[in-house]
Amino acid sequence: MSRYEHKSIEAKWQDRWEKQHAAEVDLRDSKNKTYMLMMFPYPSGDRLHVGHGRNYILGDALYRFLRMHGRRALNPMGWDAFGLPAENAAIQRGVHPRDWTLDNIKVMKQQFKRWGILYDWSKEVTSCLPDYYRWNQWLFLRMLEKGLAYKKKAPVNWCPSCQTVLANEQVVDGHCERCGTAVVQRDLEQWFYRITEYADRLLAGLDTLPGWSERVKVMQRNWIGRSEGAELVFTIPALGESLTVFTTRPDTVHGATFLVLAPEHALAARLIAGRTDRAEIEVWIETVRNTPRIQREGVDAAKEGRDTGTVAINPATGEAIPIWLANYVLPDYGSGAIMAVPAHDQRDLSFARQESLPVRLVYHPTEGEVDPATMREPILHAGVIRGTGEFDGAVPGPETIRRFIDWAEKKGCGRGKVNYRLRDWLISRQRYWGTPIPIVYCTACGTVPVPEKDLPVTLPYEVEFTGKQGNPLTRSEPFVNVACPRCGKPAKRETDTMDTFVDSSWYYLRYVSAKDDQRMFDTDTANRWLPVDQYIGGIEHAILHLLYARFICRVLHDFGMVGFEEPFSNLFNQGMITRFSESSGRVEKMSKSRGNAVSPDPLIEEMGADTERVYTLFLGPPEDEVEWNDEAVSGAYRFLSRLWRAALRLEEAPPTAPSDEALERLRHSTIQRVSRDLERFKFNTAVAALMELLNGLTRALEERTASKICCQQCFDTLLQLLHPIAPHITEELWEQRGHEGSLLDSVWPEWDPARVKSDRVTLVVQVDGKLRDRVEVDADASEAEARAAALASAKVQEHLAGRAIVKAIVVPGRLVNVVTGR
RNA sequence: GCGAAAGUGGCGGAAUUGGUAUACGCGCUAGACUUAGGAUCUAGUCCCGAGCGAUCGGGUUGGGGGUUCGAGUCCCCCCUUUCGCACCA
């Protein structure tokens, strides 16, 4: 073969690798060091484009690199196969979600093969098949037993278009994440996982993950939103009741001039009972209740409130203060009620000004006076307490807060309390295409869990997709009608299915026991291979998927099923590929819906998978967002063509030549550079180093300055170092060079530090920090020798021109800086 | 508003972490081989000035200041961009 025919080469090696990988790997027998590599779960509803390629190509390159280092690595792949896209496809195109999904998976497996990606398909996991999702059900039952799964009526985000409930995190700017329709509020009975129980542990665990980026950890910390403070109790004499509020500033209680309750608060109805305009207030409460959450939140949202006409007693001052209802207090954070301290809180101050409510200072400025009635900005963390007697002189800070908590506890009107922004995980979906929740409702026995022996509760294939009125499962008679597992009388199945994040929260565990039909996974094997050594994926899952997976891992840990609490030791978030989009006229994330996606198929057809791999990895630092440039791809193709031609010219090299040492030095320094770069995922600079090595070799071949043996050795090293990035062409050339066995099984080359260095080095000579000349000296030249060589330079002498030399700084092997008395 | 990261040629980006700024690639320019080329190869390509010329001088890492023999890198101020959080009491 004389020309670089990427098509036949790639097909040949892809088939070979497929055969090599057909044998099942036994994970129990693992004497070698093991390494688990994993990609983010892929939603099977979307065909792959080159924007996705970066993720998988990077993972494959890492896998091959590890293999060549003798690491026993597992690189499995699974399908996040449930979810909305499949159900939408069913409605729009009349295809069954299951058929559509399984067809997609077949196509995508072919695409992975064409990228030259080596997955261990004997560990394949498909979440929409009963052998996988039955364990979602099994886990649900265990969590139900332990009180970690529960049902409650709750206001939820409702998408009128999808006819389904959305989690807070699926609402983007008040609109449905999937379809963009404005979201409204509704009350429904929903199943939840009690993730809030694990809030503290999930937070603390982040500090044990040095292999995660600070960025992702900050996002998770914000999401969990821990805040320390106190609960204070205010009595309501008119009702003979007391009311608890949460505050992070109990030290400002003397300045609480009114209370504010969320309009949804349980006491609201009784508080307004005596008012003549009660009916109007009730209507207003309903309006607030139905306002989409996202509209109600946000800094620019207008504050609206109503006076209940009832008063409460401030426990610090003994004063009667009014109780208000207002939309800026959220019903499901803290106790849904606050003490308003307008002098020391921005939100309370703007509400007080709007409604002409009194403002009272607790912390006074240390200099000058402030008239509370005209305050525009609250005093947040400054000043000194005056006018309270026992606390006078205190300054804001943790110690003062502690004193107030002690005071409240002694007085019986409060205690220290920690609150979280994190809310329980709503797992119910009013959808067909998901894991059925294993529950039966019986008129006699109530809510009855499906016994473990009856699992899996399989999703019926025959259902009707009208696209109207939500969940088609509710209309599937054979599914819904069932005998009560407890009393045997006719009963109805739960028709809600589970959020797909349930599937993806533990699939990494299934990889090590993919075919086990007796249990969720094998604990010993899991403990041997996991936690995942390297998890690779985009930043889009920074919160949800990764938080849920960490939660479920802890649950399984507490059930004694795994020996670790953190599932992913190292997390690498690669950046997205962007491209100019004709439709918007902007550079945007590459995606099919934006019309700026590049399909891999024509590209591979024209220039080959190796070209795409080289280009994708060369594009820029893998953690950054990078822009795809159609024209620049040819640079990668030219590089591979030059490599191919160099192979043909190796034979022409002379048997002996003068410059073997220079080429050897280049070879060793390239091994060093590439090894270091790949360890740190710096594929872009690794490719650059390999291009330089090829340039050096090509030059040596052209100028006949290196011997045949030296050129061949250099070329072989180049093939090895390039293999993780361009596997097909390197395997082919390796075989043509007459080597036995696969390049993938060859041992990664080592560099000799002694060979990286040269005997002679070029020193930069500066005069007063400005570059004036370069001189060559022995690598081990002393400072004095280096200085002498520098001063001997004619150019340097010219620039010194009679000036006095104050000193000369010598950095061995690098430079000499001559400093003059200017 | 709060927090984080970043800003380097026409473009994507390098720079051993304080020591030759612009590696590698795209694009562009000139030439070669071609019937032809959006193919391939060779040479050149940060900016300004001088010279026919190999070269020589000066400037340059968003802007300004500082530390240092020496700053893209460290410190301070400002500008811009991106990302995250944002009525969570």
Side-chain angles (χ1 to χ4, degrees), chain A residues 213-216 218-223 225-227 229-230 245-250 252 256 260 262 296-303 326-330 332-341 344-348 350-351 419-423 539 542-543 575 614-615 618-621 623-639 641-642 645 669 672-673 676 682 684-695 698 702 762-774 795 798 806-820 822:
Chain A
S213 70
E214 206 47 44
R215 188 178 168 208
V216 171
V218 166
M219 283 163 81
Q220 292 220 348
R221 280 188 199 109
N222 284 341
W223 191 261
R226 179 190 156 98
S227 77
V245 303
F246 174 72
T247 176
T248 54
R249 296 295 301 276
T252 61
V260 188
R296 181 159 161 192
E297 294 176 22
V299 233
D300 7 288
K303 289 181 175 55
N327 61 348
Y328 79 95
V329 174
L330 306 174
D332 52 358
Y333 183 78
S335 58
I338 63 159
M339 65 174 195
V341 187
H344 305 296
D345 182 281
Q346 182 63 65
R347 298 150 301 183
D348 296 342
S350 53
F351 189 69
N419 247 323
Y420 298 91
R421 209 186 76 113
L422 181 71
R423 308 222 156 68
I539 195 77
I543 301 168
V614 168
Y615 178 65
F618 184 56
L619 212 43
E623 63 275 20
D624 289 359
E625 197 170 271
V626 289
E627 190 185 334
W628 184 270
N629 177 351
D630 295 291
E631 284 181 323
V633 184
S634 57
Y637 186 74
R638 267 177 230 157
F639 167 57
S641 304
R642 286 202 303 273
R645 281 198 301 272
S669 66
Q672 183 183 24
R673 281 174 70 185
R676 202 186 52 217
K682 294 227 151 214
N684 55 330
T685 51
V687 173
L690 291 165
M691 286 173 168
E692 285 180 62
L693 180 60
L694 178 61
N695 289 344
T698 308
E702 207 148 287
T762 302
L763 293 187
V764 165
V765 184
Q766 298 175 332
V767 176
D768 292 328
K770 286 200 172 173
L771 174 68
R772 293 305 177 193
D773 201 5
R774 297 179 173 84
K795 284 181 193 166
E798 206 176 298
V806 175
K807 59 178 168 177
I809 311 263
V810 179
V811 182
R814 281 199 193 280
L815 63 69
V816 179
N817 188 10
V818 183
V819 185
T820 70
R822 274 167 283 190

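These figures come from a predicted structure and were not determined experimentally.
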What nucleic acid atoms does A:Ala688 come within less than 4.0 Å of, heavy atoms only: base, sugar-phosphate, or nothing?
base
Can you tell which of B:rC24, B:rC41, B:rU20 lies closest to the side chain of A:Arg642?
B:rC41
For A:Tyr615 and A:Asn629, does a side-chain donor sit closer than 3.5 Å to a side-chain acceptor?
no
Between B:rU40 and A:Arg645, counting only base atoms on the nucleotide and side-chain atoms on the residue, is there a donor-acceptor pair under 3.5 Å?
no
If you pin A:Lys770 and A:Glu702 to their nearest nucleotides in RNA chain B, which one's is more 5'?
A:Glu702
Heavy atoms only, 4.0 Å cut-off, all strands: where does A:Glu214 land among base, sugar-phosphate and nothing?
nothing
Under 4.0 angstrom, heavy atoms only, what part of the nucleic acid is A:Arg774 near: base, sugar-phosphate, or nothing?
base
Regarding A:Arg221, tell me which of base, sugar-phosphate or nothing describes its non-hydrogen contacts under 4.0 Å with the strands shown.
nothing
I need the CE-C1' distance between A:Met691 and B:rA14, as an integer number of Å.
13 Å
Could you tell me whether A:Arg221 and A:Glu214 make a salt bridge, using a distance below 4.0 angstrom between a side-chain N and a carboxylate O?
yes
Using a 4.0 Å heavy-atom cut-off across all strands, classify A:Asp624 as base, sugar-phosphate, or nothing.
nothing
Is the positively charged end of A:Lys303 above the ring of A:Phe351, judged by distance under 6.0 angstrom from the centroid and angle within 45° of the axis?
no
Looking at the side chain of A:Pro621, which of B:rA39, B:rA14, B:rC24 is the nearest nucleotide?
B:rA14
Is the shortest side-chain heavy-atom distance between A:Arg215 and A:Ile539 below 4.5 Å?
yes
Starting at atom CD of A:Glu623, determine the distance to atom C1' of B:rA5, rounded to an integer number of angstrom.
11 Å
What about A:Asn817, does its side chain sit under 3.5 Å from the base of B:rC69 through a donor-acceptor pair?
yes
Residue closer to the 5' end of RNA chain B, A:Ser634 versus A:Leu619 (nearest nucleotide):
A:Leu619
Touch class at under 4.0 angstrom, heavy-atom based, for A:Ser641 against every strand present
nothing
